[in-house]
Structure formats: C-alpha cells, structure tokens
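Every heavy atom of this structure was used, including side-chain atoms; hydrogens, water molecules and symmetry mates were not. This structure is a prediction, so every number in the text was calculated from the model and none was measured.
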Amino acid sequence: KGNDTALNMAEFSLKAMRNGGMYDQIGYGFHRYSVDSRWLVPHFEKMLYDQAILVQAYLDAFQATGDSYYSKVVDEILTYILRDMTSLEGGFYSAEDADSEGEEGKFYVWKTSELEQVLSKEDADLYGKVFNIKIGGNWNDGYRHKTNIPHLTKDLSTLSLQLSISVEDLINRIDEMRSKLFIIRENRIHPQKDDKILTDWNGLMIAAMARAGAILNNEYYGRAAEYAMEFILKNLKNKDGSLLKRFRNGNSGLTAVLDDYAFTIWGLIELYHLNYDTKYLEIAMELSEYQIDQFWDFENNGFFFTALSGEQLLVRSKEVYDGAIPSGNSVSAYNFIRLARMTSRSDFEDIAFQLMNAFSGKIKRSPSGYAMMLQAADFAFGPSFEVIVFGKENKDETHEMLEKIQSLYMPNRVMIFGKNGGEEFKNIIPFVGNYQPAKDGKPLVYVCQNFSCKLPTDDFDLVKEQLGEN
C-alpha cells in the first residue's frame with residue numbers, strides 16, 4: 001500500500017542516519033549533514049535545531065510503528081542535549097563546532113591503538129567488527145591519519161548472528177564499551193560551543209522536548225521543557241509582549257523576527273499538551289495576537305519576516321521555504337489551525353487558511369520544499385479531531401485516560417483537559433463551559449470534529465473508534 005511504502009522509506013532513512021557516521025555513536029546527537037553518498041563522513045558540527053527536528057521525526061516513527069528502536073534514539077538525542085547543550089539557567093545552547101585543535105572531526109575519530117588502550121583486546125576486536133574500525137582508517141582523511149569514524153553497516157540482529165552473541169548481550173557490551181570510550185573522550189580538547197541562547201531554536205527544542213515528555217511519559221524531559229520556556233519568558237520577553245532574539249552572558253538583545261514568535265508558540269502548544277497548564281495556552285494566544293498585529297500582511301496575506309515596529313527596511317520579505325529549519329509562515333499555519341481548533345477561534349482558522357492560500361502557487365510548483373506547510377494543510381483539511389477530556393486531576397483513571405490518548409499516533413489531533421470542569425477555560429475557550437464532567441469524577445471524553453462533538457464516553461475503546469483507530 002502507498003502508506004506502507006512511504007513508512008518503509010522513512011524508516012530506512014531514519015535507521016541509516018542513526019547507524020551512519022553522521023550520528024555520534026559515542027556521545028549521541030547528530031552532526032549537521034553528510035558530505036558523502038554513504039552517509040559516513042559528516043560535517044562534524046552539531047546544531048540545536050537539527051536535534052529538535054530529528055526528535056520530532058523519531059517520535060513520529062515510534063508512534064507510527066510502536067518500535068522502541070525509535071524511542072531509544074529520542075532518549076539518546078535528549079541525553080546529549082541535557083548533558084552538553086543546556087545552560088544552568090535552563091535555556092539551550094545553539095551549536096558545537098566541527099573543529100578542535102585546528103582539525104575538523106578530531107574530537108570524534110579513533111585510531112585502533114587508542115581503542116586498544118581503553119578497551120580489552122577482546123572488546124576492542126568486537127568494537128572494531130561492529131563499528132567497522134580499520135587499522136589504516138575508514139574514511140578519506142582517516143587514511144592519512146589512520147583514524148576511524150565509528151558507524152554501523154548492519155543491524156544488531158544480523159551482527160549477533162555473525163558474532164554468535166545474543167542481541168541482548170551485544171547491546172549490553174556495546175553500551176559498556178561506549179561508556180568507557182565516552183569517559184576517555186571527555187578528556188580530549190572539545191570543539192568550541194556556541195553558547196548563545198536563541199529564542200527560535202529554543203522554541204523548536206522546547207516543542208520537541210515537551211512532546212517527548214508527553215509521548216514517552218518522561219517527567220525529566222517535561223521539566224526540562226518547562227524550565228527552558230520559563231527562561232525564555234523571563235529573559236527574552238518584554239513587558240509589551242514582544243520577544244527578543246538572543247541571550248548570552250546575562251545580556252538579552254536584538255528585535256525578534258517571525259521565527260522567534262512562531263517557534264515559541266509551537267513550544268507553548270506542546271507544553272500545554274504535556275501538562276495541560278492553561279497558562280501556556282494563554283501565553284500562546286497572547287503571542288499569536290501580537291504576531292498578527294506586528295507581522296501580518298493585511299493587503300496580501302502571509303507573515304512578513306520582520307516586525308512592523310522593527311527597523312524600517314526598503315522591502316519586508318516573506319519566507320515560506322521549509323529547509324533545514326521550517327519557515328515561520330509554515331509553523332504559523334500549523335500553530336494557528338491548532339489553536340483555532342482548541343479555542344474555537346474562527347479568526348485564527350481564517351489566518352491559517354489565508355496563509356496556505358497565499359503561498360499555494362509555490363507549494364503546487366514544488367511541494368517537497370514546503371513539508372511543514374503541507375503538514376498544516378493536512379491538519380486543516382483533515383480528518384482532524386479535537387478531544388476534550390474532563391476528570392478529576394488527582395484520580396488515576398484520569399491520568400490513565402490522558403496517557404492512552406496521547407499514546408495514539410494521531411498528528412491531526414488537539415486535546416483540551418478540563419481538570420475539574422470547564423470553569424478554568426471560560427476566558428479562552430468559552431464553549432467548553434457547555435460540556436459537563438461526569439458526576440462521579442471519572443474521566444469523560446468528548447471527541448469532536450469541526451466543533452461538533454459526539455456523545456461523551458469513559459470507554460477508551462469507544463474513544464479509539466470515534467477517532468477512527470479501530
């Protein structure tokens with residue numbers, strides 16, 4: 001089937017990326033890109049935005065397949081972010097350079113003699129077989145210096161058969177060897193870290209971290225996402241509602257551009273879906289209103305890249321191409337359609353459709369260049385769902401219902417949780433007050449489409465059926 005073919009293509013790419021040299025097999029996290037056709041030799045720089053977007057991709061794969069391989073990759077990437085790329089104040093750093101000691105990749109590559117100094121002879125031989133280590137090196141520059149980029153060319157089940165080791169034992173031994181090599185590698189001179197904290201890239205990582213916390217039911221990721229957003233709101237948001245661009249060494253500055261607003265709002269929406277704290281929804285709405293006021297083109301539609309109150313330019317451009325980072329317009333379309341469905345704001349829905357129409361010609365000519373905008377369009381044209389859950393916040397049945405719904409792979413779904421009824425939403429979602437919680441305190445679920453809801457239920461199997469999952 002077409003969907004199976006697409007999924008197989010995505011899985012093949014995701015596994016090849018994780019197995020190749022563009023992934024740091026010892027310290028985790030992805031390098032910026034591969035410079036060869038085998039995906040072996042990377043440009044060794046590591047970017048925050050790449051980690052964020054790839055976390056989203058591997059989370060999608062995990063939910064679509066149920067394969068824990070993908071959730072493990074998410075855990076590895078976020079281990080790297082929380083260990084190496086998170087400031088004491090909670091914000092996320094921007095990047096790590098490719099070079100150390102004047103040589104690109106030197107921090108990441110290994111000679112066989114170095115492996116043998118750290119590992120036993122038996123383990124060094126095993127590591128070499130698993131990760132394709134050669135005495136004379138295994139990549140173009142490595143042939144001169146006899147260095148190797150650790151990478152996998154076979155999956156672990158194939159390797160376990162060839163090496164006559166159970167998969168479980170092989171995984172354990174690889175992890176033990178990785179830990180030993182990581183400790184030694186930490187003593188090397190590290191690549192320089194770009195420790196700027198950028199609002200837009202932090203928004204991307206907060207969205208990824210919060211979504212990982214929700215899907216994987218990981219409180220640590222959830223807290224990290226919350227702390228990072230607290231940092232942004234405290235240090236990079238002005239009293240007038242505007243955002244600033246960057247923070248470093250205690251100083252905030254530069255007027256924010258469209259991406260800063262769009263990506264921060266995305267992070268706020270994912271934080272709401274993580275902990276259902278209405279403050280995140282309220283701030284997302286406030287920033288969205290400010291974004292319309294300062295960036296919207298009221299004549300031709302679409303968002304300008306720069307603010308009306310910012311530096312006066314001869315031409316205010318609009319960006320829509322989804323490249324290494326999705327465009328502010330595409331993410332905004334996704335944000336506004338989701339917020340519209342969550343809050344019954346028809347004006348937000350109008351903004352989303354006007355955005356898609358404004359750039360429809362470009363999208364039609366080259367759809368592969370506008371993947372994020374197409375994701376917004378897929379949500380807008382549906383089928384998509386609004387799920388409203390009422391229940392006592394302190395009841396186990398309520399948390400179990402929320403977790404079960406979160407576990408379903410349904411990208412085109414938003415959720416509202418009325419912790420003790422609709423009273424808390426009266427200012428931002430007035431219609432929720434029309435829906436009543438169960439009198440016995442059990443969770444009650446309304447599945448809605450286009451603001452029309454089916455009869456409520458406390459039966460998860462019926463919820464799945466209403467969502468088209470059965």
Side-chain angles (χ1 to χ4, degrees), residues 13-36 38-59 70 72-88 90-110 131 139 141-142 147-152 178-179 181-209 212 221 224-225 228 246-248 259 263 323-326:
S13 295
L14 290 170
K15 288 181 176 178
M17 289 164 65
R18 165 59 182 84
N19 290 341
M22 62 193 298
Y23 189 77
D24 181 355
Q25 303 291 342
I26 291 172
Y28 302 146
F30 282 90
H31 299 296
R32 193 169 184 183
Y33 52 80
S34 174
V35 299
D36 69 332
R38 295 168 54 203
W39 294 6
L40 166 61
V41 183
H43 173 45
F44 286 92
E45 190 175 14
K46 288 181 177 179
M47 310 300 295
L48 179 67
Y49 61 76
D50 284 329
Q51 317 307 320
I53 293 168
L54 285 163
V55 164
Q56 298 276 14
Y58 283 92
L59 283 171
Y70 300 108
K72 186 174 186 294
V73 178
V74 171
D75 287 332
E76 291 174 353
I77 297 170
L78 295 183
T79 294
Y80 160 66
I81 292 297
L82 294 171
R83 184 192 67 221
D84 292 348
M85 298 295 287
T86 305
S87 72
L88 293 175
F92 300 116
Y93 298 134
S94 295
E96 289 190 304
D97 285 352
D99 299 3
S100 57
E101 301 181 73
E103 187 177 322
E104 178 165 353
K106 185 172 183 179
F107 180 75
Y108 298 101
V109 298
W110 295 83
F131 289 99
W139 62 297
D141 283 359
T147 57
N148 293 268
I149 300 171
H151 65 286
L152 292 158
R178 186 203 66 79
S179 296
L181 293 171
F182 176 79
I183 290 169
I184 295 301
R185 197 181 76 173
E186 282 295 279
N187 294 322
R188 295 178 175 180
I189 296 175
H190 283 242
Q192 186 173 352
K193 198 185 304 289
D194 181 349
D195 59 1
K196 291 192 306 295
I197 295 173
L198 299 175
T199 303
D200 52 352
W201 296 3
N202 269 254
L204 290 176
M205 181 51 73
I206 291 167
M209 189 81 71
Y221 299 158
R246 60 105 182 100
F247 176 97
R248 186 171 186 269
D259 292 4
F263 299 173
I325 299 177

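- Side-chain contact between R18 and I77: absent, with no pair of heavy atoms (C-beta onward) separated by less than 4.5 Å.
- Not a single donor-acceptor pair under 3.5 Å links the side chain of Q192 to the backbone N or O of S100.
- With hydrogens and angles disregarded, a donor-acceptor distance shorter than 3.5 Å links the side chain of R188 to the backbone of F107.
- Using a distance-only test at 3.5 Å, with no hydrogens or angles considered, no donor-acceptor pair links the side chain of E104 to the main chain of D97.
- Looking at T86, its side chain never comes within 3.5 Å of a backbone N or O of G90 through a donor-acceptor pair.
- Side-chain atoms of F263 and I325, non-hydrogen and from C-beta on, do get closer than 4.5 Å to each other.
- Here the CD-CG distance, from E45 to D50, works out to 9.0 Å after rounding to the nearest 0.5 Å.
- For the ring-ring contact (aromatic ring centres under 6.0 Å, His included) criterion with H31, the lone passing option out of W39, Y80, Y23, Y108 is Y108.
- Taking CG from L204 and CG from L198, the interatomic distance works out to 10.5 Å, rounded to the nearest 0.5 Å.
- Side-chain N or O atoms of Q51 include none that pairs as donor or acceptor with a backbone N or O of K46 at under 3.5 Å.
- Of the possible donor and acceptor atoms, one in the side chain of N148 sits under 3.5 Å from a partner among the backbone N and O of W110.
- Taking CD1 of I149 as the start and CG of D141 as the end, the distance is 8.5 Å to the nearest 0.5 Å.
- Interatomic distance, OH of Y70 versus CG of L14, reported as 6.0 Å (0.5 Å rounding).
- To the nearest 0.5 Å, the span separating CE on M85 from OG on S94 amounts to 7.0 Å.
- The side-chain heavy atoms of R32 and Y49, taken from C-beta on, include a pair separated by under 4.5 Å.
- Between R178 and D24 there is no salt bridge, since no side-chain nitrogen of the basic residue lies less than 4.0 Å from a carboxylate oxygen of the acidic one.
- N19 places no side-chain N or O within 3.5 Å of a backbone atom of L152 that could act as its donor or acceptor partner.
- In terms of modelled atom types and a separation under 3.5 Å, the side chain of K193 and the main chain of D84 share a donor-acceptor contact.
- Here the CD1 atom belonging to I81 is positioned 5.0 Å from the CG atom belonging to L48, to the nearest 0.5 angstrom.
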